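Since this is a predicted model, take the numbers as computed values, not measurements.
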Amino acid sequence: MEPMTQSAQISSSQGFADGQNSAAKESKLSVKDLIHWRDPKKSGLVFGLSMLLLLSLAAFSVISVVSYLLLALLCVTITFRIYKSVVQAVQKSNEGHPFKTLIDKDVSIPPETFRKHVDASLTYINRALKQMSRLFLVEDLVDSLKLAVVMWLLTYVGAVFNGITILILADILLFAVPPVYEKNKLTDVFISRLLFFSLRLQEKLPGAVKRSKTE
């Protein structure tokens, strides 16, 4: 193989890897932007949908919620399909199926991607199993006692809240704490800078210089 062809293949593979890394970074940043309300419309939409889903699960069973969601989706797609068929019949056009591009789209999961996620999940599962074995077999007495205290406290939490209520509170905290923390952090930085400049200004004042000389 010629050197120029090898260099072209290497550069293309590097570009593909860089594209995958940049896409992964963008996905991570998108989640961070959502919980920090960088785009209020998107964050509000995600927060509203998640709260609606959790409140629906609190009022109805999981089977009912999933059935209603799938039924609503089917109603939308069937209505749109009938509407497009009527429009094509009236206009005598041959546009074809309205969801043809989505039907032809490949939605299968590549085996490499599946193996990659399975391997990553196995790493976390084995780590968790090892940690549980260490705690429940009392390898370290202090850590096992800490776990016992946490479990005892969770029994009181479970008596007051159920799982859905805890998920609702976690969802609210997930979208409420980061912007408040960021705002307070910026406020602390502003106050510290203000104090710093005020001290520097006091040092430059004539009265402060006189006092330092007399002292």
Query - Nearest atoms (heavy-atom pairs only) where Trp37 meets Gly44 - result: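 So the minimum-distance heavy-atom pair works out to CZ3-N, 3.5 Å.
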Requested in this report: For Asp104, enumerate each residue passing the salt bridge (Lys or Arg N to Asp or Glu O under 4.0 Å) test, keeping only those at least two apart in sequence or located in another chain.
Outcome: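 Residues passing salt bridge (Lys or Arg N to Asp or Glu O under 4.0 Å) with Asp104: Lys100.
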Query - Common cluster, Ile82/Val90, ILVMFWY with side-chain heavy-atom separation under 4.5 Å - result: yes
Requested in this report: Could you pull out all residues at least two apart from Asp106 that satisfy side-chain hydrogen bond (donor to acceptor under 3.5 Å, both in side chains)?
Outcome: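 Ser108.
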Query raised in the report: Rounded to the nearest 0.5 Å, what separation is found between the CD1 atom of Ile164 and the CG atom of Leu53?
Result: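 Reported to 0.5 Å precision, the distance equals 8.5 Å.
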Query raised in the report: Quick one: side-chain hydrogen bond (donor to acceptor under 3.5 Å, both in side chains) partners of Ser144, sequence neighbours excluded?
Result: none
Query raised in the report: Are Phe175 and Leu173 co-members of a hydrophobic cluster defined by side-chain heavy atoms under 4.5 Å apart?
Result: no
Sequence neighbours excluded and cut-off under 3.5 Å, please list the side-chain donor-acceptor pairs for residues 68-80, or say none.
unit_1: Thr77; atom_1: OG1; unit_2: Leu73; atom_2: O; d: 3.1
unit_1: Thr77; atom_1: OG1; unit_2: Leu74; atom_2: O; d: 3.0
unit_1: Thr79; atom_1: OG1; unit_2: Cys75; atom_2: O; d: 2.6

Report summary line: Between Leu135 and the options Met132, Glu139, Gln131, the side-chain contact (heavy atoms from CB on, under 4.5 Å) test singles out Gln131
Report task. Would you check if there is a donor-acceptor pair between the side chains of Ser85 and Arg81 at a distance under 3.5 Å? Result -> yes
Query - Summary of ring-ring contact (aromatic ring centres under 6.0 Å, His included) pairs that have at least one residue in residues 107-144, sequence neighbours excluded - result: none
Report summary line: NZ of Lys105 to CZ of Phe99, rounded to nearest 0.5 Å, is 14.0 Å
Requested in this report: Could you grab the distance from atom CD1 of Ile125 to atom NZ of Lys130, nearest 0.5 Å is fine?
Outcome: 16.0 Å
Requested in this report: Would you please name every residue forming a side-chain hydrogen bond (donor to acceptor under 3.5 Å, both in side chains) with Ser61, sequence neighbours left out?
Outcome: Ser64
**Report entry** Distance in Å, Thr165 OG1 paired with Leu54 CG, rounded so as to fall on 0.5 Å steps
**Finding:** 10.0 Å
Query - Counterpart residues, salt bridge (Lys or Arg N to Asp or Glu O under 4.0 Å), relative to Asp143 (two or more places apart) - result: Arg134
**Report entry** salt bridge (Lys or Arg N to Asp or Glu O under 4.0 Å) contacts touching residues 159-171 (sequence neighbours left out)
**Finding:** none
**Report entry** Partners passing side-chain contact (heavy atoms from CB on, under 4.5 Å) against Leu141 (at least two apart in sequence or in another chain)
**Finding:** Val138, Leu145
Query - Exam field: side chain Ser43 to backbone Leu34, donor-acceptor pair closer than 3.5 Å - result: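 Side chain of Ser43 to backbone of Leu34: a pair is present.
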Requested in this report: Indicate if Leu52 and Leu45 have the same hydrophobic cluster label, given that clusters are the connected sets of ILVMFWY residues with side-chain heavy-atom separations under 4.5 angstrom.
Outcome: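 Not linked; separate clusters.
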Report task. Would you indicate whether the side-chain heavy atoms of Gln88 and Asn94 approach each other to under 4.5 Å? Result -> no
Report task. Decide if atom CD1 of Ile103 counts as having more than 12 heavy atoms of other residues, nucleotides or ligands within a radius under 6.0 Å. Result -> yes
**Report entry** salt bridge (Lys or Arg N to Asp or Glu O under 4.0 Å) pairs, two or more places apart, involving residues 110-123
**Finding:** none
**Report entry** Connected via hydrophobic side-chain network under 4.5 Å: Val62 and Leu55
**Finding:**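 Hydrophobic grouping puts Val62 with Leu55.
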Query - Main-chain N/O of Leu147 paired with Trp152 side-chain donor or acceptor, under 3.5 Å - result: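 No, Trp152 side chain to Leu147 backbone: no donor-acceptor pair under 3.5 Å.
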Requested in this report: With sequence neighbours left out, write down each residue that passes salt bridge (Lys or Arg N to Asp or Glu O under 4.0 Å) with Lys146, or none if nothing qualifies.
Outcome: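 For Lys146, no residue satisfies salt bridge (Lys or Arg N to Asp or Glu O under 4.0 Å) once neighbours in sequence are set aside.
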Report task. Please collect all salt bridge (Lys or Arg N to Asp or Glu O under 4.0 Å) contacts where either partner lies in residues 85-96, sequence neighbours excluded, each pair once. Result ->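 Residue pairs with at least one partner in residues 85-96: Lys84-Glu95.
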Query raised in the report: Do Ile172 and Val177 belong together in a cluster built from hydrophobic side chains that touch within less than 4.5 Å?
Result: no
Query raised in the report: Any side-chain heavy atom of Val46 sitting closer than 4.5 Å to one from Ile35?
Result: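 SC-SC contact between Val46 and Ile35 ruled out.
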